[in-house]
Amino acid sequence: MPNTQQELLNKIDFFQSQEGILVGTVFLAVLWLILVLLDKYGRRIGPLVARSIRRPLLLGFSSALYLGWLLHLLELQAKALLPIKSSAVSTALVVIALGWATINLGRALLLQSNRIQLWLKVEDPRDEAMLTTLLDRVFTIGVIVLTIAALMVTFGVSTAAVGALLGGAGIGLGFGTQQISQNFLAGFMLFFTRPFSEGDWISVSSFDDGTVEKIGWYHTRIRTFDRRPLYIPNSIFATTPIENPGRMYNRRIKASISLRYEDLPRIEAITKNVRSLLLNNPDIDQKQSILVNFNEWDSSSINMMVYCFTKTTVWKDWLDIQQEVFLQIADIVQKAGGDFAFNCATLYPAPNLNDDNPISRLGEDLKSNRSLL
């Protein structure tokens with residue numbers, strides 16, 4: 001057993017004596033008083049530290065002191081009944097208390113300390129929340145692993161064996177949980193690249209569109225537009241294109257408006273008036289392309305393209321603006337004497353048909369038969 005570990009156990013053995021119980025009780029009382037005063041009269045970080053570590057330290061140290069003392073008394077009476085030394089149990093309780101206090105303190109500083117928030121320098125609150133959660137998880141896992149390693153050393157496992165065990169466990173987990181590792185590393189990738197944040201509307205190939213609700217270690221939960229939860233493994237985002245409409249700069253209005261062939265003389269005036277309408281509309285982004293042109297000869301219509309962008313990206317507001325623009329375009333078309341086309345077929349009489357023509361006589365026969373019916 002290493003000398004440092006033996007010295008630690010010797011100190012623990014002292015607190016299991018009558019003098020040690022008295023000293024330990026006084027220490028707990030002083031510690032409690034210091035934490036209470038720090039919570040009440042401390043400034044800035046003082047109350048935060050006191051509230052974070054008070055319960056784990058007082059509960060853990062008192063358990064280690066008094067439970068260790070009781071086990072020591074039992075050990076003196078019937079040593080064979082205790083497979084583990086009382087000093088080792090006390091040391092383990094102290095290690096657990098320190099690990100618990102460290103997790104609470106780190107979490108409190110990460111979530112509530114202004115200095116930590118300034119150090120992160122994340123402008124978007126959603127990105128900040130995602131980073132805070134990620135750091136909290138990594139910190140918690142690290143402290144738990146170190147606590148378990150310290151407990152193993154406390155119960156007699158050599159530090160070399162603990163190091164080898166942790167290294168072998170890491171390699172084995174890497175090969176055995178390759179898919180999980182990919183998803184976990186992809187979660188880090190999502191934070192550093194930030195293609196989307198919680199609350200964004202995203203579109204992923206072969207998946208339904210939806211709003212990101214939570215970015216987890218293994219998967220990301222999306223709420224689709226039909227209000228169903230969709231869980232996508234994080235590794236998908238490393239190899240699949242992601243569209244983030246939630247971060248669009250504008251929304252586009254694009255329409256092909258069909259007019260009659262009879263309106264061909266009016267099409268130039270109509271396009272000019274519609275273009276003027278869009279150029280003077282305060283809801284249309286004038287910095288983006290505004291196109292209004294006669295651009296297609298269709299089978300039963302001449303088509304006018306309308307292409308522009310709204311300033312707003314809110315879907316409801318965009319729909320209201322688009323409706324208003326369409327109604328104003330309809331008013332312009334009607335005031336110009338035009339109208340909208342629809343799929344139809346027009347029959348024209350053949351020229352140079354007289355009464356002696358067989359086709360003309362056939363038509364007369366059909367008319368006479370219809371009148372008889």
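All residue numbers in this chain count up from 1 along the given sequence.
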| Considering residues at least two apart in sequence or located in another chain, which fulfil the side-chain contact (heavy atoms from CB on, under 4.5 Å) criterion with L230? | F207, I222, T224, I232

| field | 4.5 Å side-chain heavy-atom contact, M304 and S256 | value | no

| query | Is there a donor-acceptor contact under 3.5 Å from the side chain of T240 to the main chain of I236? | reply | yes

| Verdict with supporting geometry, F237 and V204, side-chain contact (heavy atoms from CB on, under 4.5 Å) | CA-CA 8 Å; F237 300 112; V204 186; 3.8 Å; yes

| remark: Residue set satisfying side-chain contact (heavy atoms from CB on, under 4.5 Å) with A92, at least two apart, ordered chain then number -> L151, F155

| message | Going by the rule salt bridge (charged side-chain N to carboxylate O under 4.0 Å, His left out), which residues pair with D208 if we only count those two or more places apart in sequence or in a different chain? | response | none

| said: Quick one, N234 with T220, criterion side chain to side chain donor-acceptor pair (under 3.5 Å). Give me CA distance, side-chain angles, the key distance, then yes/no. | reply: CA-CA 6 Å; N234 288 334; T220 295; 2.8 Å; yes

| query | Partners of R252 by salt bridge (charged side-chain N to carboxylate O under 4.0 Å, His left out), sequence neighbours excluded? | reply | none

| Under the side-chain contact (heavy atoms from CB on, under 4.5 Å) test, which residues partner N244, sequence neighbours left out? | F196, D200, I202, R247

| request: Identify, with sequence neighbours excluded, every residue that meets salt bridge (charged side-chain N to carboxylate O under 4.0 Å, His left out) alongside R228. | output: D226

| request: Is it possible for you to say whether V95 and M152 belong to one hydrophobic cluster, with membership spreading through side-chain heavy-atom contacts below 4.5 Å? | output: no

| remark: Closest non-hydrogen atoms of F309 and Q288, given as atom of the first, atom of the second and distance, are CD1-CB, 3.6 Å

| Do any N or O atoms from the side chain of D263 and from the backbone of D339 form a donor-acceptor pair under 3.5 angstrom? | yes

| task | Measure the spacing between OG1 of T271 and CG of L291 and express it to the nearest 0.5 Å. | result | 12.0 Å

| Under the side-chain contact (heavy atoms from CB on, under 4.5 Å) criterion, do D39 and R54 qualify, and how do the steps go? | CA-CA 10 Å; D39 185 15; R54 179 166 54 191; 3.6 Å; yes

| task | Could you tell me whether the side chain of W201 reaches within less than 4.5 Å of the side chain of E243, counting heavy atoms only? | result | no

| salt bridge (charged side-chain N to carboxylate O under 4.0 Å, His left out) contacts in which one or both residues fall within residues 318-337, not counting sequence neighbours | K316-D320, D331-K335

| task | With rounding to the nearest 0.5 Å, note down the distance linking CD1 in I270 to CD1 in I302. | result | 7.5 Å

| said: Enumerate the salt bridge (charged side-chain N to carboxylate O under 4.0 Å, His left out) contacts for residues 295-313, please, sequence neighbours excluded, ordered by first and then second residue. | reply: none

| query | Going through the checks in order, is the side chain to side chain donor-acceptor pair (under 3.5 Å) test met by T310 and D283? | reply | CA-CA 6 Å; T310 62; D283 295 322; over 6 Å; no

| query | Is the OH atom of Y249 crowded by more than 12 outside heavy atoms at less than 6.0 Å? | reply | no

| query | After noting the C-alpha distance and the side-chain angles of V306 and N293, does the key distance pass the side-chain contact (heavy atoms from CB on, under 4.5 Å) rule? | reply | CA-CA 7 Å; V306 176; N293 295 93; over 6 Å; no

Pairs under 3.5 angstrom only: tabulate donor-acceptor contacts from the side chains of residues 56-68 to other protein residues two or more places apart or in another chain.
residue: S62; atom: OG; partner: L58; partner atom: O; Å: 2.6
residue: S62; atom: OG; partner: L59; partner atom: O; Å: 3.0
residue: S63; atom: OG; partner: L59; partner atom: O; Å: 2.7
residue: Y66; atom: OH; partner: T25; partner atom: OG1; Å: 2.9

| Which one of L37, L31, V30, L35 satisfies the side chain to side chain contact (heavy atoms under 4.5 Å, CB included) criterion with L33? | L37

| Taking every non-hydrogen atom, the tightest pair across N281 and Q286 | O-NE2, 3.3 Å

| query | How many angstroms lie between SG in C308 and CD1 in I290, if you round to the nearest 0.5 Å? | reply | 6.5 Å

| field | Reported CG-to-CD1 distance for the pair L259 and I267, which is rounded to 0.5 angstrom | value | 4.5 Å

| request: Before giving the answer on side-chain contact (heavy atoms from CB on, under 4.5 Å), spell out for S289 and Y307 the whole-Å C-alpha distance, their side-chain angles and the decisive distance to 0.1 Å. | output: CA-CA 7 Å; S289 299; Y307 185 93; 4.3 Å; yes

| field | F27 reachable from V36 in the ILVMFWY side-chain graph, under 4.5 Å edges | value | yes

| task | Can you see which heavy atom on E198 is nearest to which on K214, and at what distance? | result | OE2-CA, 3.7 Å

| Counterpart residues, ring pair (Phe, Tyr, Trp, His ring centres under 6.0 Å), relative to F294 (two or more places apart) | W297

| task | Spell out, yes or no, whether M305 and F340 are grouped together once hydrophobic residues are joined by side-chain heavy atoms under 4.5 Å, including indirect joins. | result | no

| Which pair of heavy atoms, one from V314 and one from R251, lies closest together, and at what distance? | C-NE, 3.9 Å

| note | Minimal heavy-atom distance between V212 and S197, with the atoms involved, is CB-O, 3.6 Å

| message | Membership question, hydrophobic clusters at under 4.5 Å side-chain separation (ILVMFWY): are L109 and L146 in the same one? | response | no

| request: Could you pull out all residues at least two apart from T211 that satisfy side chain to side chain donor-acceptor pair (under 3.5 Å)? | output: none

| Hey, what do you get for CD (E262) to OG (S301), rounding to the nearest 0.5 Å? | 11.0 Å

| Minimal non-hydrogen separation, A101 against I53, with atom names | O-CG2, 3.9 Å

| query | Listed by chain and number, what are the salt bridge (charged side-chain N to carboxylate O under 4.0 Å, His left out) partners of R55, not counting sequence neighbours? | reply | none

| Are M248 and I253 grouped together when hydrophobic residues (ILVMFWY) are joined by side-chain heavy atoms under 4.5 angstrom apart? | no

| Nearest 0.5 Å, what's the CD1-OG1 distance between I103 and T140? | 5.5 Å

